[in-house]
Amino acid sequence: MVELQVEDYTSTVETSGIVRAHNEVTLTSQVPGRIVSIAPQFEDGAFFKRGEVLVQLEEADFAAAVASGEAQLAQASAGHAQEKARAAQARRNWEDLGYEDEPNELVLRLPQLREAEARMEAAKTQLAQARRNLKRAKVVAPFDGRVRQRLAGISQTVSGGTSLGRIFAVDYAEVRLPISGN
């Protein structure tokens, strides 16, 4: 009789499998424009860091939209201030005339005031969108990774959603091994 003993045993299994990135995406532009520069890190096989600008679109049209949005907001703010003053003056005029009852909304210019407020809010929203679009003229790496394939080139005009290339994260990978029942 032989007594069994517990001991470590290393086994080796030879197999082949597939290693693939856990996170692979198509890099796209969120805004339309003409590509004016491409980073050296945005070449097939190159590595990049999160936050690096990989593709730069021409910013002139986006900057002009921001300037236009700022002007529209200034106009809307001035219009709102004028309408507020008119509404306050309408209330004072009503009281100066000695009326006892409460004036209606039209007398107090409240519909015009609400319209001026709405124009101001719309101008703020348009300016915020113009600023976001200006920021989006820089296509930034969403994670540390590597370029599988670049699909865009200098001077190419792209639209929102145009595929610029395929990239993948390098933080970890999945290994797929076939297991046979032999």
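Counting from 1, the numbers follow the sequence of the chain as shown.
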Subject >> Sequence neighbours excluded, every pair satisfying ring pair (Phe, Tyr, Trp, His ring centres under 6.0 Å) that has a member inside residues 132-176 >> reply: His22-Tyr172
Original post:
Short question: side chain of Gln126, backbone of Ala123 - any donor-acceptor pair under 3.5 Å?
Top reply: no
Subject >> Counterpart residues, side chain to side chain contact (heavy atoms under 4.5 Å, CB included), relative to Glu115 (two or more places apart) >> reply: Arg119
Original post:
Considering residues at least two apart in sequence or located in another chain, which fulfil the ring-ring contact (aromatic ring centres under 6.0 Å, His included) criterion with Tyr99?
Top reply: Trp94
Original post:
When clusters are formed from ILVMFWY side-chain contacts under 4.5 Å, directly or step by step, what else is grouped with Leu4?
Top reply: none
**OP:** Using side chain to side chain contact (heavy atoms under 4.5 Å, CB included) as the criterion, list what pairs up with Leu151, not counting sequence neighbours.
**Re:** Gln149, Ser163
**OP:** Starting from the C-alpha separation in whole Å, work towards a yes-or-no answer on side chain to side chain donor-acceptor pair (under 3.5 Å) for Arg34 and Thr157.
**Re:** CA-CA 4 Å; Arg34 188 177 63 82; Thr157 300; 5.9 Å; no
Subject >> Test salt bridge (Lys or Arg N to Asp or Glu O under 4.0 Å) applied to Arg146 - qualifying residues, sequence neighbours left out >> reply: none
Original post:
What residues, two or more places apart in sequence or in another chain, satisfy side-chain hydrogen bond (donor to acceptor under 3.5 Å, both in side chains) together with Lys138?
Top reply: Glu59
Original post:
Among all residues two or more places apart in sequence or in another chain, which pass the side chain to side chain contact (heavy atoms under 4.5 Å, CB included) test with Pro40?
Top reply: none
**OP:** Kindly indicate whether the side chain of Pro103, heavy atoms from C-beta on, has any atom under 4.5 Å from the side chain of Arg91.
**Re:** yes
Subject >> Hydrophobic cluster partners of Val2 (side-chain heavy atoms under 4.5 Å) >> reply: none
Subject >> Partner residues of Glu121 under the salt bridge (Lys or Arg N to Asp or Glu O under 4.0 Å) criterion, sequence neighbours left out >> reply: Lys124
Subject >> Worked check of side chain to side chain contact (heavy atoms under 4.5 Å, CB included) between Gln112 and Arg86 >> reply: CA-CA 10 Å; Gln112 294 90 334; Arg86 287 184 188 119; over 6 Å; no
Subject >> Residues that Ser77 engages under side chain to side chain contact (heavy atoms under 4.5 Å, CB included), provided they are two or more places apart >> reply: Leu73, Met120
**OP:** Tell me, please, which residues at least two apart from Glu117 pass salt bridge (Lys or Arg N to Asp or Glu O under 4.0 Å).
**Re:** none
